[in-house]
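Each residue takes its place number in the sequence, starting with 1.
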Amino acid sequence: MHEYTSTARVWGLTCPGFPEEVSRARRWTRDILRGSPLADDAELIVSELSANAILHTASGREAGSFHLALAVSSQVVALSVTDGGGAGTAPKAEHQDQEAEHGRGLGMVSAIAHRVVVHDSDGGHTVTAELFTDVRRGGHPC
């Protein structure tokens, strides 16, 4: 393959920070990944990350928004949600009691995804969850 050529396909979507936009983000993800065995996991991940952006950052405030990016290659499906900032601290997986109403979302994403990375971005954070398309026992890509 030529060094400047990629077989990865990338999509992006910016949503207003309204709670009903989480279902739009799920539908968008499901439509792009239609027929993929990773579609259900990807949809759940996007739902959790989008809801977190709205609940815990400026994305959910007046005129707030969040951005989704979805990259698909033959090796990985990468889902990223960039929030509007204002949270003060980076998102992190917390181990909560099963009865807790909040605080389990990123932990669940970490359990589903093969890798989760949090990056500081201009004024916010980007959480990227990767699902490997071909995984050996033990969770390692082939």
Side-chain angles (χ1 to χ4, degrees), residues 1 4-142:
M1 177 184 340
Y4 298 116
T5 306
S6 171
T7 58
R9 298 184 61 194
V10 181
W11 294 262
L13 176 69
T14 299
C15 297
F18 303 123
E20 58 270 17
E21 292 296 313
V22 174
S23 64
R24 178 179 173 208
R26 281 194 311 264
R27 267 191 324 275
W28 178 79
T29 303
R30 186 175 53 243
D31 288 347
I32 291 170
L33 295 176
R34 187 173 315 268
S36 168
L38 300 174
D40 289 342
D41 287 345
E43 186 179 346
L44 180 59
I45 288 168
V46 163
S47 181
E48 287 297 327
L49 296 181
S50 298
N52 284 351
I54 291 170
L55 288 171
H56 302 296
T57 74
S59 293
R61 297 184 194 141
E62 186 174 337
S65 64
F66 61 97
H67 182 77
L68 295 109
L70 174 56
V72 178
S73 73
S74 59
Q75 295 87 22
V76 68
V77 171
L79 309 135
S80 297
V81 174
T82 302
D83 64 41
T89 60
K92 65 180 188 266
E94 295 181 13
H95 300 288
Q96 296 287 339
D97 181 358
Q98 288 191 353
E99 302 301 318
E101 290 186 28
H102 299 287
R104 296 189 319 249
L106 197 51
M108 182 171 41
V109 169
S110 295
I112 295 169
H114 297 106
R115 183 167 73 162
V116 176
V117 180
V118 178
H119 290 284
D120 290 334
S121 60
D122 293 336
H125 297 92
T126 299
V127 180
T128 301
E130 296 177 347
L131 298 167
F132 300 136
T133 57
D134 192 13
V135 177
R136 287 184 276 177
R137 289 181 185 251
H140 300 288
C142 295

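- Expressed to the nearest 0.5 Å, how far CZ of Arg26 lies from CD of Glu48 amounts to 9.5 Å.
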Requested in this report: Under the side chain to side chain contact (heavy atoms under 4.5 Å, CB included) rule, what do Ser50 and Leu68 come out as? Steps first, then yes or no, please.
Outcome: CA-CA 8 Å; Ser50 298; Leu68 295 109; 3.9 Å; yes
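- Smallest separation of non-hydrogen atoms from Ser59 and Ser65: OG-O, 2.7 Å.
- Residues forming a salt bridge (Lys or Arg N to Asp or Glu O under 4.0 Å) with Arg27 (at least two apart in sequence, or on another chain): none.
- Every side-chain contact (heavy atoms from CB on, under 4.5 Å) that Leu79 has, sequence neighbours left out, goes to Thr29, Ala42, Ile45, Val46, Leu70, Val77, Leu131.
- Rounding to the nearest 0.5 Å places CZ of Phe66 at 13.0 Å from OG1 of Thr126.
- In terms of heavy atoms, Thr57 sits closest to Ala53 at OG1-O, 2.5 Å.
- Across Thr128 and Ala78, no two heavy atoms sit closer than the pair CG2-CB, 4.3 Å.
- Closest approach of Val76 to Phe132, counting heavy atoms only: CG2-CD2, 3.8 Å.
- Side-chain atoms of Glu43 and Arg30, non-hydrogen and from C-beta on, do get closer than 4.5 Å to each other.
- Here the shortest heavy-atom pairing between Asp83 and Gly85 reads OD1-N, 2.9 Å.
- Between the side chain of Ser73 and the backbone N or O of Ala8 there is no donor-acceptor pair closer than 3.5 Å.
- The list of side chain to side chain donor-acceptor pair (under 3.5 Å) pairs with a residue in residues 12-22, not counting sequence neighbours, reads Thr14-His67, Glu21-Arg24.
- Annotation: the span from Leu49 atom CG to Thr82 atom OG1 amounts to 10.0 Å, rounded to 0.5 Å.
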